[in-house]
**Student:** 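Below: one structure in structure tokens.
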Amino acid sequence: MATVQHRIGVIFGLFFLLLVVAAARTLYLGTVRAGTLRKAAQTQQLSNETLPAQRGTITDRSGVDLAVSEPAQDISATPYLLKDPLKASQELAPLLGLTQAQVLGRLSERTGFVYLARALPARQARKVMALGLEGIAGTPTMRRVYPRGTLAAQVLGFVGTEGKGLSGLEYSEGALLKGVAGERRVVSDALGQPISITNVHAERAGATLTLTLDANIQQRTEDVLGAVGRVFSPKDATAIVIDPRTGALLAVANWPQVNANDPAASLPSALEDRAVGFAYEPGSTFKAVTVSGALQEGLITPSTPFNVPNQIQVADRTIHDDTEHADETLTTAQILAQSSNVGAIQIGKLEGAEQFNGWVHRFGFGEPTGVELSGEEQGVALPLSKYSGSSMGNLPIGQGELVTPMQMVSAYSAIANGGVLRRPHIIGAIDGRPQPEPAGRRVISQTTAAELRTMLEGVLAPGGTASEVSIPGYQLAGKTGTASKVDPATGEYSKSAYVASFLGFAPATDPKLLCAVIVDEPQAGSIFGGTVAAPAFGQIMSFALPYLRIPPG
């Protein structure tokens with residue numbers, strides 16, 4: 001009996017001791033460790049999550065979607081929580097668009113966190129989460145989609161995995177497009193499953209940008225450039241369509257094309273918007289600037305005669321016309337129509353270096369146009385202090401200085417628009433609010449501009465350098481260019497690398513549409529602006545003029 005009572009006493013004492021220890025532990029955890037444990041519990045059960053803002057939509061001028069955002073999820077894994085990685089990889093692979101080996105490789109990593117997919121479309125993400133795999137999580141995000149694929153891809157640009165614009169309008173207008181992220185509080189159970197979700201503050205979508213681009217004109221322009229690429233095998237090409245009266249850009253196209261939904265599949269060089277990023281020597285298209293200054297200063301008229309030999313000596317340089325000929329008399333209009341190098345240099349020499357340089361800068365060369373496109377180059381307009389004795393032998397014919405296609409479009413728009421230079425623009429409205437048209441500044445008189453337009457008609461008339469281009473019912477005006485490129489290996493002008501270009505507008509007497517085509521290093525068929533770029537101009541304008549219901553004239 002005593003032994004039994006002794007045993008009961010021992011057991012009671014042990015239980016009492018355990019009770020004291022438990023009470024002491026509870027007191028310790030509830031006082032000394034209370035703050036630390038409370039924080040740990042909140043960390044495990046309560047979390048704040050960022051709600052990504054919907055990036056603003058980009059549309060063309062008629063509301064056609066060019067860039068939109070849709071809900072998606074980043075799918076991640078905690079590898080050590082997965083009980084059967086092999087089975088999980090089999091189930092996940094087809095839903096993620098990956099091979100089983102790729103998924104298994106990520107699930108086998110010795111880490112606490114790994115991404116399986118970024119910005120997975122919501123429909124696919126729901127199927128992934130429906131598997132109910134422990135250790136697989138989805139985080140809300142937005143996915144950028146370009147419904148028209150290749151259309152205006154270099155203009156629109158691209159968005160990175162973190163939702164930041166990397167190029168094009170996605171980059172330059174990122175502050176407007178990105179919106180403001182929201183926040184929500186999530187309470188989870190011990191298994192990590194959410195049991196309560198509360199919005200702390202709502203997200204705010206980014207602004208909608210309505211561009212001046214017209215999707216149909218843009219598509220036609222890109223199709224024409226594609227044909228130029230197939231026929232002439234150039235390094236690259238760009239084309240711009242603009243309303244010269246307002247500076248509104250209706251098309252900005254580049255070739256080779258890029259799929260905006262998969263930019264990594266293209267060469268890095270193809271991602272560049274050549275309309276603003278390509279700096280080149282313009283060649284004969286620059287002669288219109290040379291002639292405009294002399295006209296404005298009263299040094300010449302369209303009918304002023306010049307004795308034009310086959311070549312001319314300027315300091316240590318001898319410059320020839322493209323086609324060998326005997327001495328001939330050409331008027332200013334004929335010099336422009338036939339693109340005589342010698343004649344253009346004679347006109348430039350009448351102006352003199354100082355006045356000629358002033359006109360170059362007055363037309364905006366040597367500085368960015370200010371168009372809302374990222375990556376715009378400013379070109380190189382030689383300062384007067386850098387002129388040499390032979391400078392007036394090459395500058396008046398478009399050699400020795402660098403321009404961009406957008407700068408040339410801006411300058412020709414001034415000629416088409418009665419002498420007023422206006423900044424090109426591509427954003428028509430923000431959140432439905434129309435943006436004011438850029439103010440213009442007069443660079444030449446209306447009379448000078450009208451004289452230039454009439455002379456530029458001669459380029460497409462019989463005997464002109466683009467005489468084979470015509471559009472029934474419309475009087476066209478423009479200028480061809482075929483410029484040698486400098487060989488970087490020798491520093492001399494290449495005998496095989498050229499830039500073929502054409503800038504023109506219609507109707508010639510009252511221009512409402514202007515188009516430029518610049519083809520870099522055509523390799524097959526021809527190298528000349530009149531046969532490579534001018535026909536492409538004609539094909540683009542033959543669609544755009546009636547499409548915009550611009551009456552013949």
Side-chain angles (χ1 to χ4, degrees), residues 42-43 45-76 115 117-126 128-129 137-148 151-188 194-213 215 260-261 263 370-375 425-437:
Q42 289 176 342
T43 302
Q45 299 179 15
L46 181 65
S47 63
N48 289 338
E49 292 184 355
T50 298
L51 293 174
Q54 180 169 335
R55 196 171 180 84
T57 298
I58 303 177
T59 76
D60 86 334
R61 65 181 192 149
S62 300
V64 175
D65 285 341
L66 301 178
V68 298
S69 289
E70 59 183 30
Q73 290 194 50
D74 288 336
I75 304 299
S76 61
Y115 277 117
R118 302 299 299 271
L120 191 69
R123 180 180 298 180
Q124 292 173 252
R126 284 194 294 269
V128 169
M129 300 312 297
T139 304
T141 187
M142 301 300 295
R143 177 172 177 262
R144 198 61 162 170
V145 179
Y146 302 91
R148 297 294 292 268
L151 194 76
Q154 293 91 341
V155 170
L156 297 173
F158 315 100
V159 174
T161 55
E162 300 301 323
K164 294 182 179 180
L166 301 180
S167 66
L169 290 169
E170 296 281 24
Y171 172 79
S172 63
E173 302 303 318
L176 287 172
L177 290 167
K178 69 177 182 180
V180 178
E183 185 180 6
R184 70 180 184 182
R185 182 172 290 112
V186 181
V187 179
S188 304
I195 57 177
S196 173
I197 299 177
T198 305
N199 285 336
V200 178
H201 59 80
E203 69 275 17
R204 188 170 73 245
T208 294
L209 297 187
T210 302
L211 306 185
T212 59
L213 293 185
N261 294 304
V371 65
E372 314 96 319
L373 293 172
S374 66
H425 65 282
I426 199 169
I427 296 178
I430 300 175
D431 277 338
R433 300 186 301 274
Q435 298 301 289
E437 291 181 1

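As the structure is a prediction and not an experimental result, all values here were calculated from the model.
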**Student:** Roughly how far, to the nearest 0.5 Å, is CG of Leu156 from CG of Leu213?
**Tutor:**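 One gets 7.5 Å once the value is rounded to the nearest 0.5 Å.
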
**Student:** With sequence neighbours excluded, what pairs up with Glu170 under the salt bridge (Lys or Arg N to Asp or Glu O under 4.0 Å) test?
**Tutor:** Arg55, Arg144

**Student:** Distance-only, no hydrogens or angles: does the Asp431 side chain make a donor-acceptor pair with backbone N or O of Thr208 under 3.5 Å?
**Tutor:** yes

**Student:** By side-chain hydrogen bond (donor to acceptor under 3.5 Å, both in side chains), which residues pair with Glu70, not counting sequence neighbours?
**Tutor:**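 Partners of Glu70 by the side-chain hydrogen bond (donor to acceptor under 3.5 Å, both in side chains) criterion, ordered by chain and then number, come out as Arg143.
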
**Student:** Could you work out, with side chain to side chain contact (heavy atoms under 4.5 Å, CB included) as the rule, every residue matching Asn261, not counting sequence neighbours?
**Tutor:**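 Asn261 satisfies side chain to side chain contact (heavy atoms under 4.5 Å, CB included) with Val145, Tyr146, Asn259 only.
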
**Student:** For Arg118, enumerate each residue passing the salt bridge (Lys or Arg N to Asp or Glu O under 4.0 Å) test, keeping only those at least two apart in sequence or located in another chain.
**Tutor:**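 Here the qualifying residues are Asp74, Glu162.
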
**Student:** Within this structure, what is the CD1-CG distance for the pair Ile426 and Asp60, rounded to the nearest 0.5 Å?
**Tutor:**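 Between Ile426 CD1 and Asp60 CG, I get 11.0 Å after rounding to 0.5 Å.
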
**Student:** Locate the shortest heavy-atom distance separating Ala125 from Ile75; write the atom from each residue and the value.
**Tutor:** CB-CD1, 4.3 Å

**Student:** Go through the structure and list residues passing side chain to side chain contact (heavy atoms under 4.5 Å, CB included) with Arg61, not counting sequence neighbours.
**Tutor:** Asp214, Leu250, Leu548

**Student:** On a heavy-atom basis, which atom in Ala67 and which in Pro147 lie closest, and how many Å separate them?
**Tutor:**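 That would be N-CD, 4.1 Å.
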
**Student:** Does any part of the side chain of Thr59, heavy atoms only, come nearer than 4.5 Å to the side chain of Asp65, both counted from C-beta?
**Tutor:**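 Counting from C-beta outward, Asp65 and Thr59 do come under 4.5 Å.
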
**Student:** Indicate the atoms forming the closest heavy-atom contact of Ile430 with Ala207, along with that distance.
**Tutor:**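 Closest pair (atom of Ile430, atom of Ala207, distance): CG2-CB, 3.9 Å.
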
**Student:** Heavy atoms only: give me the nearest Tyr171-Gly165 pair and the separation to one decimal.
**Tutor:**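 Where Tyr171 meets Gly165 most closely, the heavy atoms are CD1-O, 3.4 Å.
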
**Student:** Excluding sequence neighbours, so at least two apart, what forms side chain to side chain contact (heavy atoms under 4.5 Å, CB included) with Phe158?
**Tutor:**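 With neighbours one apart ignored, the set is Ser167, Val258, Ala260, Pro263, Leu271.
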
**Student:** What pairs with Glu173 under side chain to side chain contact (heavy atoms under 4.5 Å, CB included), at least two apart in sequence or on another chain?
**Tutor:** Leu169, Leu176, Leu177, Leu209, Glu372, Ile427

**Student:** Quick one, Val64 and Arg148 - any side-chain contact, counting heavy atoms below 4.5 Å?
**Tutor:** yes

**Student:** How long is the gap from CD on Gln124 to CD on Gln73, to the nearest 0.5 Å?
**Tutor:** 11.5 Å

**Student:** Looking at Ala72 and Ala119, what are the two nearest heavy atoms and their distance?
**Tutor:**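 So the two residues come closest at CB-C, 3.7 Å.
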
